[in-house]
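Structure, as structure tokens:
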Amino acid sequence: SLLASGVTEIVTWGFGSPKAYQPYCAPEESPIRISNPLGEELSAMRTSLIPGLLTTLGRNQRQGARHVRLFEIGTTFHPRTPGVDEDPRHRLLPLEARRVAVAMWGGRHFGRWYEHGELLDVSDLAGVIDNLIDALGTGVQLNRRPVELAGMHPRAGAELLLGDERIGLAGQLHPERLAALELEGPVVVAELSLDALLAVQGDKRGYRPLPKFPGTRRDIAVLAPREIASEEIRSFLEMHAAGTMGNVVEKVRLFDVYRGKPIPETHVSLAFAIEYRSAERTLTDTEVNTAFEDVIGKVKERFNVEVRR
């Protein structure tokens, strides 16, 4: 899946500088030190795959590359509390976790003539992650919760959740972090727990027959404060757009984001498409319009946003 998304696999060291790993540690965690290191820069076991990806990305930038998309699947090492009856020989061993990480930078279309200066951003990163989730067939919705993360741009960082479980992070590196690493930006990164993804991986692929009845679409655009995540609104629409018609909302997707005049700098225009279809009958315009008007009112009340028509 990652290779099909145009991302190249690399393998990096399992140990490195403690300073490089500390930003990616839990608040109460510190990198595990090696007892006989080759030097300070190789004195800690890695707690994240991201520093190794960024080192390789920087090396490629210095060699003149104009677009770099990398991923690594590997093990990270974390402190743990040994069991009471654990073999004494194992008590000093760290907790090992399997993870997958991605780092991307450069032109969106690999320098082709139609690129017109477009650069990779968090939306491209989200697409790569979604492709990975789809390929694993987890059957569980991956949610993104905007948060401020160390080393990330304050408006371009998110926790990745499977249900209520935090399994990773994604975002765009902060300009100060780029400067410290001597990297050209924007650089977007993500890291996910492969153990968590494989734990919910489906053994079977479902099949859904082609629809017998026509569908219909309604679009809604909202003027929302920037601190409200688009995913919150999208999920709310998906949950409430059907009204009393039952299971007839086929998909809700964000298809347009606009910032600029005449919209205030503190707000953003988000446009969503709601696709309705019943597996049992043809929906009428009257009942779809009734449900649509109802969900517009609910969105206004829930998020205190302006609906644009």
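Under a hydrophobic clustering in which Ile, Leu, Val, Met, Phe, Trp and Tyr are joined whenever their side-chain heavy atoms come within less than 4.5 Å, directly or via other members, V222 and V249 fall into the same cluster. Note: the hydrophobic cluster containing L192 also contains V188 (ILVMFWY, side chain heavy atoms under 4.5 Å, direct or indirect links).
Here the side chains of V7 and L3 are not in contact, with every heavy-atom distance at 4.5 Å or above. Between P18 and R33, the closest side-chain pair of non-hydrogen atoms falls below 4.5 Å. Using a 4.5 Å heavy-atom threshold, the side chains of P214 and T282 count as touching. By the 4.5 Å heavy-atom criterion applied to side chains, R144 and L160 are counted as neighbours.
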Side-chain donor-acceptor pairs of residues 172-186 under 3.5 Å, sequence neighbours excluded:
residue, atom, partner, partner atom, Å
H174, ND1, E176, N, 3.0
E184, OE2, R66, NH2, 3.4

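Remark: L70 CG to L53 CG distance equals 6.0 Å, nearest 0.5 Å.
For residues 97-125, the ring-ring contact (aromatic ring centres under 6.0 Å, His included) pairs, not counting sequence neighbours, are H67-F110, H109-Y114. Residue pairs meeting the side-chain hydrogen bond (donor to acceptor under 3.5 Å, both in side chains) criterion with at least one member in residues 145-157, sequence neighbours excluded, are R145-E159. Pairs of residues two or more places apart, or lying in two chains, that qualify as salt bridge (charged side-chain N to carboxylate O under 4.0 Å, His left out) and include a residue from residues 230-249 are E231-R234, R234-E238. For residues 3-23, every residue pair satisfying the side-chain hydrogen bond (donor to acceptor under 3.5 Å, both in side chains) rule, not counting sequence neighbours, is listed here: S5-N131, T12-R46, T12-E72. Among residues at least two apart or in separate chains, ring-ring contact (aromatic ring centres under 6.0 Å, His included) pairs with a member in residues 219-238 are F236-H240, F236-F303. Within the structure, salt bridge (charged side-chain N to carboxylate O under 4.0 Å, His left out) pairs that include any residue of residues 210-222 comprise R217-D219, R218-D285 (at least two apart or interchain). Applying the salt bridge (charged side-chain N to carboxylate O under 4.0 Å, His left out) test to every pair with at least one member in residues 258-275, sequence neighbours left out, gives these pairs: R253-E275.
With sequence neighbours excluded, the residues forming a side-chain contact (heavy atoms from CB on, under 4.5 Å) with I73 are F71, V100, L194, listed by chain and number. In terms of the side-chain hydrogen bond (donor to acceptor under 3.5 Å, both in side chains) criterion, R226 has no residue partners (sequence neighbours excluded). With sequence neighbours excluded, the residues satisfying side-chain hydrogen bond (donor to acceptor under 3.5 Å, both in side chains) with R281 are E287.
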Apply the test salt bridge (charged side-chain N to carboxylate O under 4.0 Å, His left out) to residues R108 and D121: give CA-CA distance (whole Å), side-chain angles for both, the deciding distance (0.1 Å), then the verdict. CA-CA 8 Å; R108 174 167 286 157; D121 59 24; 3.1 Å; yes
Any chance you could lay out the side chain to side chain donor-acceptor pair (under 3.5 Å) test for R277 and T216, step after step, and finish with the verdict? CA-CA 7 Å; R277 190 194 304 271; T216 186; over 6 Å; no
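For E227, the CD atom sits in a packed shell: over 12 heavy atoms of surrounding residues, nucleotides or ligands are nearer than 6.0 Å.
Think of L223 as one node in a network of Ile, Leu, Val, Met, Phe, Trp and Tyr side chains linked at under 4.5 Å; its network also takes in Y258, I263.
H78 and T76 share a side-chain donor-acceptor pair at under 3.5 Å.
Of the charged side-chain nitrogens involved, none lies within less than 4.0 Å of a carboxylate oxygen, so that R112 and E118 do not count as a salt-bridged pair.
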